[in-house]
Amino acid sequence: DMSWIISLILGGTAGWLASMVMKTNAQMGWIANVLVGVVGSMLGYWIAGLLGFAAMGGIARFIVAFGGAVLLIFILSKLGMFRKKA
């Protein structure tokens, strides 16, 4: 079954785009991008479920995954995981 490979690829893409938007890309490698994308997508789907939103279709699912990854990077930066360079 190829679904986990597709999940890793889409999660990595969502994580990479989120790191570009949040300006943390220089501090993250490709492994961190994939982890943030996959965990962020789970966070996004959980929050969407709480709000009563079911992402149907590829684009809606990617938007939810991207939003979750952005939120995860925001939370991690507030916890001090990403430092501004002096």
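Treat the numbers as computed from the prediction; the structure is a model and nothing was measured.
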Next on the checklist: Applying side chain to side chain donor-acceptor pair (under 3.5 Å) as the test, list every pair that has at least one member in residues 33-43; sequence neighbours left out.
Outcome noted: Ser19-Asn33

Next on the checklist: Measuring only between side-chain heavy atoms, which start at C-beta, is Met42 closer than 4.5 Å to Trp46?
Outcome noted: no

Checklist outcome for this item: Rounding to 0.5 Å, atoms OH (Tyr45) and CG (Leu50) come to a distance of 15.0 Å

Checklist entry - When rounded to the nearest 0.5 angstrom, what is the spacing between CE in Met28 and CE in Met22? => result 10.5 Å

Side chains of residues 55-77: which donor-acceptor pairs under 3.5 Å do they make with residues two or more places apart or in other chains?
unit_1: Arg61; atom_1: NE; unit_2: Ala55; atom_2: O; d: 3.4
unit_1: Ser77; atom_1: OG; unit_2: Ile73; atom_2: O; d: 3.3
unit_1: Ser77; atom_1: OG; unit_2: Phe74; atom_2: O; d: 2.7

Checklist entry - Going from CG on Leu8 to OG on Ser3, what distance comes out if it is rounded to the nearest 0.5 angstrom? => result 9.5 Å

Item to check | Passing option when Val34 is tested against Val36, Ile31, Val38 for side chain to side chain contact (heavy atoms under 4.5 Å, CB included) | outcome: Val38

